[in-house]
Amino acid sequence: MSKRTIVTLPGDGIGRAVLDETLRVLEAAGFEADYIEGDIGWEFWKKEGNPLPERTIKLIEEHKIALFGAITSKPKDAAAEELDESLRDKGLVYSSPIVGLRQHFNLDICMRPCHTYKGNPLNFIRRGADGGVEEPEVDVVIFRQNTEGLYGGVEWSNPPEKVYEALMTHPKFVKNFGKTPKEEISVSTRIFTKKATERILRAAFNHAKEYGYKSVTVCEKPNVIRETSGMMYKMAQEIQKAGFPEIELWNTNIDAQMMWLTKNPEDYGVIVAGNMFGDIVSDGFAGLIGGLGFACSAQFNPDSGIGVFEPTHGSAPKYADYPVSIVNPIAMIESACMMLDFIDEKPMAAKIRKAVAEVIAEGKVRTYDMMKMRGTPDVVKKGAASTKDMADAIISKL
Ligand code: NAI
Ligand code: MG
(Lines give C-alpha, C1' and ligand atoms only; values in the text may rest on other atoms or scores of the structure.)
(Ligands and ions follow the chains in the order given, each with its own letter.)
Protein backbone atom coordinates (compact mmCIF):
# COMPACT_ATOMS: atom_id res chain seq x y z
CA MET A 1 0.00 0.00 0.00
CA SER A 2 1.43 3.36 -0.94
CA LYS A 3 1.33 5.90 1.83
CA ARG A 4 -0.99 8.76 1.15
CA THR A 5 -1.48 12.19 2.58
CA ILE A 6 -4.76 13.08 4.19
CA VAL A 7 -5.68 16.66 4.97
CA THR A 8 -7.10 16.98 8.48
CA LEU A 9 -9.46 19.87 9.15
CA PRO A 10 -10.24 19.86 12.88
CA GLY A 11 -12.09 23.19 12.73
CA ASP A 12 -13.70 24.45 15.91
CA GLY A 13 -15.07 23.22 19.21
CA ILE A 14 -15.32 19.45 19.55
CA GLY A 15 -14.02 19.00 16.00
CA ARG A 16 -10.48 18.42 17.18
CA ALA A 17 -11.38 15.96 19.93
CA VAL A 18 -13.38 13.68 17.63
CA LEU A 19 -10.84 13.95 14.84
CA ASP A 20 -7.85 13.13 17.07
CA GLU A 21 -9.55 10.01 18.42
CA THR A 22 -10.50 8.98 14.90
CA LEU A 23 -6.88 9.19 13.76
CA ARG A 24 -5.91 6.83 16.58
CA VAL A 25 -8.58 4.38 15.45
CA LEU A 26 -7.34 4.58 11.85
CA GLU A 27 -3.83 3.86 12.99
CA ALA A 28 -4.92 0.91 15.08
CA ALA A 29 -6.73 -0.51 12.06
CA GLY A 30 -3.43 -0.43 10.18
CA PHE A 31 -4.15 2.54 7.96
CA GLU A 32 -0.91 4.25 7.05
CA ALA A 33 -0.99 7.87 6.03
CA ASP A 34 0.71 11.17 6.51
CA TYR A 35 -1.58 13.81 7.89
CA ILE A 36 -1.32 17.47 7.16
CA GLU A 37 -3.50 19.91 9.03
CA GLY A 38 -5.51 22.57 7.20
CA ASP A 39 -6.79 25.76 8.77
CA ILE A 40 -10.54 26.25 8.72
CA GLY A 41 -13.23 27.78 10.87
CA TRP A 42 -14.05 30.55 13.25
CA GLU A 43 -10.55 31.19 14.52
CA PHE A 44 -9.42 32.03 10.97
CA TRP A 45 -12.43 34.22 10.37
CA LYS A 46 -11.52 36.23 13.49
CA LYS A 47 -7.79 36.42 12.77
CA GLU A 48 -7.72 36.64 8.99
CA GLY A 49 -11.23 37.52 7.91
CA ASN A 50 -11.52 34.24 6.02
CA PRO A 51 -12.74 30.97 7.58
CA LEU A 52 -11.49 29.04 4.53
CA PRO A 53 -8.01 30.40 3.75
CA GLU A 54 -6.64 29.96 0.24
CA ARG A 55 -3.79 27.78 1.59
CA THR A 56 -6.35 25.27 2.85
CA ILE A 57 -7.98 25.09 -0.56
CA LYS A 58 -4.53 24.47 -2.10
CA LEU A 59 -3.87 21.63 0.35
CA ILE A 60 -7.12 19.89 -0.51
CA GLU A 61 -6.52 20.46 -4.20
CA GLU A 62 -3.16 18.75 -3.87
CA HIS A 63 -4.07 15.82 -1.63
CA LYS A 64 -7.73 15.39 -2.60
CA ILE A 65 -8.93 13.72 0.59
CA ALA A 66 -9.90 15.58 3.75
CA LEU A 67 -11.18 14.52 7.14
CA PHE A 68 -13.19 17.33 8.63
CA GLY A 69 -14.29 17.77 12.25
CA ALA A 70 -16.77 20.61 12.59
CA ILE A 71 -16.93 24.37 12.50
CA THR A 72 -18.69 27.14 14.35
CA SER A 73 -20.85 29.53 12.36
CA LYS A 74 -22.55 32.62 13.73
CA PRO A 75 -25.03 35.11 12.26
CA LYS A 76 -23.77 38.07 10.23
CA ASP A 77 -23.76 40.64 13.05
CA ALA A 78 -22.00 38.39 15.56
CA ALA A 79 -19.45 37.51 12.90
CA ALA A 80 -18.70 41.18 12.25
CA GLU A 81 -18.31 41.88 15.98
CA GLU A 82 -15.76 39.12 16.56
CA LEU A 83 -13.55 40.09 13.65
CA ASP A 84 -10.06 41.30 14.60
CA GLU A 85 -10.02 45.07 14.97
CA SER A 86 -7.51 45.57 12.18
CA LEU A 87 -9.90 43.86 9.76
CA ARG A 88 -13.06 45.76 10.57
CA ASP A 89 -14.61 48.24 8.12
CA LYS A 90 -13.03 46.38 5.22
CA GLY A 91 -16.37 45.11 4.02
CA LEU A 92 -15.55 41.49 4.93
CA VAL A 93 -18.66 39.32 5.12
CA TYR A 94 -18.68 35.91 6.80
CA SER A 95 -19.75 32.97 4.70
CA SER A 96 -19.77 29.30 5.66
CA PRO A 97 -16.52 27.51 4.79
CA ILE A 98 -18.49 24.28 4.35
CA VAL A 99 -20.60 25.81 1.62
CA GLY A 100 -17.39 27.37 0.31
CA LEU A 101 -15.72 23.96 0.03
CA ARG A 102 -18.75 22.45 -1.67
CA GLN A 103 -18.90 25.19 -4.24
CA HIS A 104 -15.18 25.52 -4.87
CA PHE A 105 -14.64 21.82 -5.50
CA ASN A 106 -18.15 21.13 -6.80
CA LEU A 107 -18.67 18.47 -4.13
CA ASP A 108 -22.12 17.88 -5.48
CA ILE A 109 -22.65 14.38 -4.15
CA CYS A 110 -23.48 14.19 -0.47
CA MET A 111 -23.91 10.73 0.98
CA ARG A 112 -25.35 10.08 4.43
CA PRO A 113 -25.76 6.49 5.52
CA CYS A 114 -27.97 5.61 8.49
CA HIS A 115 -27.48 2.08 9.81
CA THR A 116 -28.83 0.61 13.01
CA TYR A 117 -26.21 -0.80 15.36
CA LYS A 118 -27.57 -3.67 17.40
CA GLY A 119 -27.59 -2.83 21.08
CA ASN A 120 -27.56 0.93 20.65
CA PRO A 121 -29.92 2.17 23.38
CA LEU A 122 -30.80 5.12 21.15
CA ASN A 123 -32.30 2.92 18.43
CA PHE A 124 -35.85 3.75 17.42
CA ILE A 125 -38.47 1.32 18.72
CA ARG A 126 -42.18 1.10 17.90
CA ARG A 127 -45.19 -0.91 18.98
CA GLY A 128 -46.12 -3.84 16.75
CA ALA A 129 -49.58 -5.14 15.86
CA ASP A 130 -49.49 -7.57 18.81
CA GLY A 131 -48.68 -4.76 21.21
CA GLY A 132 -45.07 -5.87 21.59
CA VAL A 133 -42.04 -3.69 21.02
CA GLU A 134 -40.27 -3.84 17.66
CA GLU A 135 -36.84 -2.47 16.84
CA PRO A 136 -36.70 -2.11 13.05
CA GLU A 137 -33.29 -2.45 11.48
CA VAL A 138 -32.60 0.67 9.45
CA ASP A 139 -30.16 0.41 6.56
CA VAL A 140 -30.64 3.52 4.48
CA VAL A 141 -28.21 5.59 2.44
CA ILE A 142 -29.30 9.08 1.53
CA PHE A 143 -27.88 10.77 -1.56
CA ARG A 144 -28.42 14.50 -1.31
CA GLN A 145 -27.69 16.90 -4.17
CA ASN A 146 -25.27 19.18 -2.44
CA THR A 147 -24.85 22.35 -4.49
CA GLU A 148 -28.14 23.44 -6.08
CA GLY A 149 -31.80 23.84 -5.21
CA LEU A 150 -33.04 25.95 -2.34
CA TYR A 151 -29.56 26.20 -0.81
CA GLY A 152 -28.07 27.55 -4.05
CA GLY A 153 -28.07 31.08 -2.64
CA VAL A 154 -29.92 32.71 -5.55
CA GLU A 155 -32.36 34.84 -3.61
CA TRP A 156 -33.59 38.38 -3.09
CA SER A 157 -35.66 40.49 -0.78
CA ASN A 158 -37.30 43.30 -2.73
CA PRO A 159 -36.01 41.76 -5.97
CA PRO A 160 -34.32 43.90 -8.62
CA GLU A 161 -36.59 45.36 -11.28
CA LYS A 162 -35.56 42.89 -13.99
CA VAL A 163 -36.19 39.89 -11.77
CA TYR A 164 -39.56 41.33 -10.78
CA GLU A 165 -40.48 41.93 -14.41
CA ALA A 166 -39.55 38.36 -15.27
CA LEU A 167 -41.67 37.05 -12.40
CA MET A 168 -44.59 39.15 -13.63
CA THR A 169 -44.52 37.17 -16.89
CA HIS A 170 -45.74 34.11 -14.96
CA PRO A 171 -49.55 34.00 -14.72
CA LYS A 172 -49.42 32.41 -11.26
CA PHE A 173 -47.15 35.12 -9.97
CA VAL A 174 -49.51 37.77 -11.29
CA LYS A 175 -52.51 36.02 -9.77
CA ASN A 176 -51.02 35.26 -6.34
CA PHE A 177 -48.46 38.03 -5.81
CA GLY A 178 -49.14 40.65 -8.47
CA LYS A 179 -50.88 43.01 -6.07
CA THR A 180 -48.24 42.80 -3.33
CA PRO A 181 -45.77 45.70 -3.38
CA LYS A 182 -42.38 44.58 -4.68
CA GLU A 183 -40.67 45.73 -1.46
CA GLU A 184 -42.74 43.22 0.49
CA ILE A 185 -41.60 40.24 -1.56
CA SER A 186 -38.73 37.85 -0.80
CA VAL A 187 -37.76 35.21 -3.32
CA SER A 188 -35.53 32.15 -2.82
CA THR A 189 -35.06 30.16 -5.99
CA ARG A 190 -34.93 26.39 -6.37
CA ILE A 191 -32.82 25.74 -9.42
CA PHE A 192 -32.09 22.17 -10.57
CA THR A 193 -29.85 21.51 -13.56
CA LYS A 194 -30.05 18.37 -15.65
CA LYS A 195 -26.35 17.74 -15.26
CA ALA A 196 -26.27 17.83 -11.46
CA THR A 197 -29.57 15.97 -11.18
CA GLU A 198 -28.27 13.21 -13.39
CA ARG A 199 -25.05 12.99 -11.35
CA ILE A 200 -26.81 12.54 -8.03
CA LEU A 201 -29.28 10.05 -9.49
CA ARG A 202 -26.51 7.99 -11.08
CA ALA A 203 -24.51 8.03 -7.86
CA ALA A 204 -27.57 6.71 -6.03
CA PHE A 205 -28.29 3.96 -8.55
CA ASN A 206 -24.65 2.92 -8.76
CA HIS A 207 -24.47 2.64 -5.00
CA ALA A 208 -27.68 0.60 -4.87
CA LYS A 209 -26.25 -1.74 -7.48
CA GLU A 210 -22.82 -2.08 -5.89
CA TYR A 211 -24.18 -2.77 -2.41
CA GLY A 212 -27.24 -4.81 -3.38
CA TYR A 213 -30.04 -2.48 -2.33
CA LYS A 214 -33.32 -3.47 -3.93
CA SER A 215 -34.77 0.02 -4.30
CA VAL A 216 -33.94 3.65 -4.99
CA THR A 217 -36.51 6.12 -3.67
CA VAL A 218 -36.76 9.60 -5.10
CA CYS A 219 -37.94 11.67 -2.14
CA GLU A 220 -39.23 14.97 -3.51
CA LYS A 221 -42.67 16.48 -4.18
CA PRO A 222 -43.29 16.20 -7.94
CA ASN A 223 -47.06 16.53 -7.63
CA VAL A 224 -46.63 20.12 -6.40
CA ILE A 225 -43.11 21.25 -7.34
CA ARG A 226 -43.65 20.10 -10.88
CA GLU A 227 -40.63 21.52 -12.63
CA THR A 228 -37.69 20.66 -10.35
CA SER A 229 -38.99 17.64 -8.44
CA GLY A 230 -40.79 16.60 -11.59
CA MET A 231 -37.60 16.72 -13.63
CA MET A 232 -35.73 14.67 -11.03
CA TYR A 233 -38.33 11.93 -10.95
CA LYS A 234 -38.64 11.79 -14.73
CA MET A 235 -34.87 11.52 -15.11
CA ALA A 236 -34.80 8.81 -12.45
CA GLN A 237 -37.35 6.81 -14.47
CA GLU A 238 -35.18 7.10 -17.59
CA ILE A 239 -31.97 6.17 -15.79
CA GLN A 240 -33.59 3.20 -14.07
CA LYS A 241 -35.12 1.92 -17.28
CA ALA A 242 -31.95 2.26 -19.32
CA GLY A 243 -29.37 1.03 -16.85
CA PHE A 244 -30.79 -0.41 -13.64
CA PRO A 245 -33.83 -2.57 -14.45
CA GLU A 246 -33.06 -4.85 -11.50
CA ILE A 247 -33.49 -1.99 -9.02
CA GLU A 248 -36.98 -0.80 -8.12
CA LEU A 249 -37.64 2.91 -8.42
CA TRP A 250 -39.90 4.28 -5.70
CA ASN A 251 -41.30 7.77 -5.41
CA THR A 252 -42.24 9.37 -2.09
CA ASN A 253 -43.21 12.91 -1.17
CA ILE A 254 -40.97 14.46 1.45
CA ASP A 255 -43.85 15.21 3.81
CA ALA A 256 -45.27 11.71 3.59
CA GLN A 257 -41.78 10.24 3.91
CA MET A 258 -41.31 12.02 7.22
CA MET A 259 -44.61 10.58 8.42
CA TRP A 260 -43.65 7.07 7.28
CA LEU A 261 -40.25 7.45 8.85
CA THR A 262 -41.40 5.86 12.08
CA LYS A 263 -43.85 3.48 10.44
CA ASN A 264 -41.66 1.42 8.14
CA PRO A 265 -38.10 2.78 8.00
CA GLU A 266 -36.73 -0.72 7.37
CA ASP A 267 -38.41 -0.80 3.95
CA TYR A 268 -36.16 1.85 2.43
CA GLY A 269 -32.76 1.36 0.85
CA VAL A 270 -31.15 4.14 -1.15
CA ILE A 271 -32.95 7.49 -1.03
CA VAL A 272 -32.12 10.35 -3.38
CA ALA A 273 -33.28 13.95 -3.10
CA GLY A 274 -32.47 17.56 -3.87
CA ASN A 275 -30.48 19.70 -1.48
CA MET A 276 -33.04 20.73 1.13
CA PHE A 277 -35.21 17.62 1.11
CA GLY A 278 -32.04 15.53 1.28
CA ASP A 279 -30.98 17.52 4.31
CA ILE A 280 -34.34 17.00 5.99
CA VAL A 281 -34.75 13.33 5.24
CA SER A 282 -31.19 12.52 6.33
CA ASP A 283 -31.69 14.19 9.71
CA GLY A 284 -34.95 12.30 10.04
CA PHE A 285 -33.33 8.92 9.48
CA ALA A 286 -30.34 9.85 11.64
CA GLY A 287 -32.76 10.32 14.52
CA LEU A 288 -33.77 6.65 14.25
CA ILE A 289 -30.23 5.36 14.64
CA GLY A 290 -28.94 7.46 17.51
CA GLY A 291 -28.78 11.03 16.30
CA LEU A 292 -25.80 13.31 16.03
CA GLY A 293 -23.32 11.03 17.75
CA PHE A 294 -23.85 8.52 14.93
CA ALA A 295 -24.62 10.56 11.82
CA CYS A 296 -21.76 10.52 9.32
CA SER A 297 -21.39 11.96 5.85
CA ALA A 298 -19.27 12.22 2.75
CA GLN A 299 -19.22 14.97 0.15
CA PHE A 300 -17.36 14.33 -3.03
CA ASN A 301 -16.88 14.96 -6.70
CA PRO A 302 -16.51 11.69 -8.59
CA ASP A 303 -14.69 13.39 -11.49
CA SER A 304 -11.88 15.05 -9.57
CA GLY A 305 -11.78 12.41 -6.83
CA ILE A 306 -11.87 15.14 -4.20
CA GLY A 307 -13.77 14.13 -1.09
CA VAL A 308 -14.43 15.66 2.33
CA PHE A 309 -15.61 13.32 5.07
CA GLU A 310 -17.28 14.71 8.17
CA PRO A 311 -19.76 13.99 10.92
CA THR A 312 -23.10 15.73 10.48
CA HIS A 313 -22.88 17.36 13.90
CA GLY A 314 -21.47 20.81 14.54
CA SER A 315 -18.84 22.12 16.93
CA ALA A 316 -21.03 21.78 20.07
CA PRO A 317 -19.28 24.79 21.67
CA LYS A 318 -20.73 24.18 25.11
CA TYR A 319 -18.75 20.92 25.36
CA ALA A 320 -15.60 22.18 23.72
CA ASP A 321 -13.80 23.34 26.84
CA TYR A 322 -14.53 20.46 29.19
CA PRO A 323 -11.29 19.19 30.71
CA VAL A 324 -12.21 15.71 29.46
CA SER A 325 -14.04 15.53 26.16
CA ILE A 326 -17.36 13.70 26.55
CA VAL A 327 -18.77 13.70 23.02
CA ASN A 328 -19.33 10.60 20.97
CA PRO A 329 -16.60 10.08 18.35
CA ILE A 330 -18.54 7.41 16.42
CA ALA A 331 -20.00 9.83 13.84
CA MET A 332 -16.47 10.99 13.00
CA ILE A 333 -15.09 7.45 13.01
CA GLU A 334 -17.88 6.35 10.68
CA SER A 335 -17.09 9.29 8.42
CA ALA A 336 -13.48 8.10 8.28
CA CYS A 337 -14.79 4.67 7.26
CA MET A 338 -16.59 6.36 4.37
CA MET A 339 -13.25 7.89 3.44
CA LEU A 340 -11.65 4.43 3.47
CA ASP A 341 -14.41 3.11 1.19
CA PHE A 342 -13.85 6.06 -1.13
CA ILE A 343 -10.12 5.48 -1.45
CA ASP A 344 -10.59 1.75 -1.97
CA GLU A 345 -9.62 0.56 1.47
CA LYS A 346 -12.93 -1.19 1.95
CA PRO A 347 -11.67 -4.11 4.06
CA MET A 348 -10.15 -1.66 6.53
CA ALA A 349 -13.42 0.25 6.74
CA ALA A 350 -15.28 -2.99 7.34
CA LYS A 351 -12.84 -3.92 10.10
CA ILE A 352 -13.44 -0.63 11.92
CA ARG A 353 -17.21 -0.84 11.52
CA LYS A 354 -17.11 -4.33 12.97
CA ALA A 355 -15.13 -3.10 15.97
CA VAL A 356 -17.62 -0.25 16.51
CA ALA A 357 -20.51 -2.73 16.25
CA GLU A 358 -18.91 -5.01 18.84
CA VAL A 359 -18.40 -2.19 21.33
CA ILE A 360 -22.00 -1.02 20.93
CA ALA A 361 -23.42 -4.54 21.13
CA GLU A 362 -21.44 -5.26 24.28
CA GLY A 363 -22.90 -2.15 25.89
CA LYS A 364 -20.14 -1.70 28.46
CA VAL A 365 -18.69 1.48 27.03
CA ARG A 366 -21.23 4.19 26.25
CA THR A 367 -20.85 7.93 25.83
CA TYR A 368 -23.25 10.24 27.66
CA ASP A 369 -25.63 10.54 24.71
CA MET A 370 -26.00 6.75 24.62
CA MET A 371 -26.83 6.81 28.33
CA LYS A 372 -29.43 9.52 27.77
CA MET A 373 -27.64 11.83 30.17
CA ARG A 374 -27.40 15.58 29.97
CA GLY A 375 -23.96 16.52 28.74
CA THR A 376 -22.53 17.95 31.96
CA PRO A 377 -18.79 17.81 32.74
CA ASP A 378 -19.30 15.15 35.42
CA VAL A 379 -20.86 12.50 33.17
CA VAL A 380 -17.63 10.50 33.17
CA LYS A 381 -17.76 10.30 36.96
CA LYS A 382 -21.32 9.08 36.61
CA GLY A 383 -20.21 6.18 34.42
CA ALA A 384 -20.29 7.55 30.88
CA ALA A 385 -17.37 6.91 28.57
CA SER A 386 -15.31 9.91 27.47
CA THR A 387 -14.48 10.50 23.81
CA LYS A 388 -11.14 8.82 24.42
CA ASP A 389 -12.67 5.88 26.35
CA MET A 390 -14.92 5.14 23.40
CA ALA A 391 -12.00 5.28 20.95
CA ASP A 392 -9.95 3.04 23.29
CA ALA A 393 -12.76 0.49 23.40
CA ILE A 394 -12.96 0.42 19.61
CA ILE A 395 -9.18 0.15 19.35
CA SER A 396 -9.15 -2.76 21.78
CA LYS A 397 -11.52 -4.64 19.45
CA LEU A 398 -9.20 -3.95 16.53
P1 NAI B 1 -24.15 20.80 17.23
O2 NAI B 1 -24.28 19.64 16.31
O3 NAI B 1 -22.81 21.38 17.39
O4 NAI B 1 -24.65 20.38 18.67
C5 NAI B 1 -25.99 20.16 19.02
C6 NAI B 1 -26.07 19.22 20.21
O7 NAI B 1 -25.94 17.89 19.73
C8 NAI B 1 -24.94 19.36 21.20
O9 NAI B 1 -25.19 20.32 22.16
C10 NAI B 1 -24.91 17.98 21.78
O11 NAI B 1 -25.93 17.85 22.72
C12 NAI B 1 -25.20 17.13 20.60
N13 NAI B 1 -24.00 16.61 19.93
C14 NAI B 1 -23.36 17.12 18.84
N15 NAI B 1 -22.33 16.36 18.51
C16 NAI B 1 -22.30 15.34 19.37
C17 NAI B 1 -21.45 14.22 19.56
N18 NAI B 1 -20.43 13.96 18.74
N19 NAI B 1 -21.71 13.38 20.58
C20 NAI B 1 -22.72 13.60 21.40
N21 NAI B 1 -23.55 14.64 21.30
C22 NAI B 1 -23.37 15.49 20.29
O23 NAI B 1 -25.20 21.91 16.71
P24 NAI B 1 -25.49 23.37 17.26
O25 NAI B 1 -25.37 23.43 18.72
O26 NAI B 1 -26.74 23.76 16.62
O27 NAI B 1 -24.37 24.28 16.62
C28 NAI B 1 -23.13 24.58 17.22
C29 NAI B 1 -22.23 25.21 16.19
O30 NAI B 1 -21.90 24.26 15.19
C31 NAI B 1 -22.87 26.40 15.48
O32 NAI B 1 -21.92 27.40 15.35
C33 NAI B 1 -23.26 25.83 14.14
O34 NAI B 1 -23.28 26.80 13.15
C35 NAI B 1 -22.18 24.82 13.91
N36 NAI B 1 -22.56 23.70 13.03
C37 NAI B 1 -21.57 23.20 12.23
C38 NAI B 1 -21.79 22.10 11.45
C39 NAI B 1 -20.66 21.53 10.70
O40 NAI B 1 -19.52 21.86 10.97
N41 NAI B 1 -20.91 20.65 9.76
C42 NAI B 1 -23.12 21.46 11.39
C43 NAI B 1 -24.06 22.00 12.33
C44 NAI B 1 -23.78 23.09 13.10
MG1 MG C 1 -28.68 19.39 8.45
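Order of listing sets the numbers, starting from 1, for every ligand and every atom in it. Remember, predicted model here, so these are calculated numbers, not experimental data.
Proximity of L292 to ligand 1 is established by a heavy-atom distance of less than 4.0 Å. The shortest separation from a heavy atom of P317 to ligand 1 is under 4.0 Å, placing the residue in contact. For S315, the closest heavy-atom approach to ligand 1 falls below 4.0 Å. Contact analysis leaves W42 out of contact with ligand 1, as no non-hydrogen atom separation drops below 4.0 angstrom.
R190 forms a cation-pi arrangement with F277, by the criterion of a distance under 6.0 Å to the ring centre and an angle within 45° of the ring axis.
Protein heavy atoms are absent from the space less than 4.0 angstrom from atom 27 (O) of ligand 1. Protein heavy atoms come within 4.0 Å of atom 40 (O) of ligand 1.
With contacts defined as side-chain heavy-atom distances shorter than 4.5 Å, the pair E198/M235 qualifies.
By the criterion of a heavy-atom distance under 4.0 Å, neither the backbone nor the side chain of M332 is placed next to ligand 1.
On a distance-only criterion, S73 and ligand 1 share at least one N/O pair closer than 3.5 Å. Annotation: Y368 places an N or O atom under 3.5 Å from an N or O atom of ligand 1; distance criterion only. At least one N/O-N/O distance between I71 and ligand 1 falls below 3.5 Å. Ligand 1 has no N or O atom lying under 3.5 Å from any N or O atom of G293, backbone or side chain.
Of the protein's non-hydrogen atoms, the one nearest atom 2 (O) of ligand 1 is G314 N, 2.7 Å.
Partner of E82 under the side-chain hydrogen bond (donor to acceptor under 3.5 Å, both in side chains) criterion, chosen from W42, Y94, W45: W42. Across F342, F309, F300, a single residue satisfies side-chain contact (heavy atoms from CB on, under 4.5 Å) together with M111, and that is F300.
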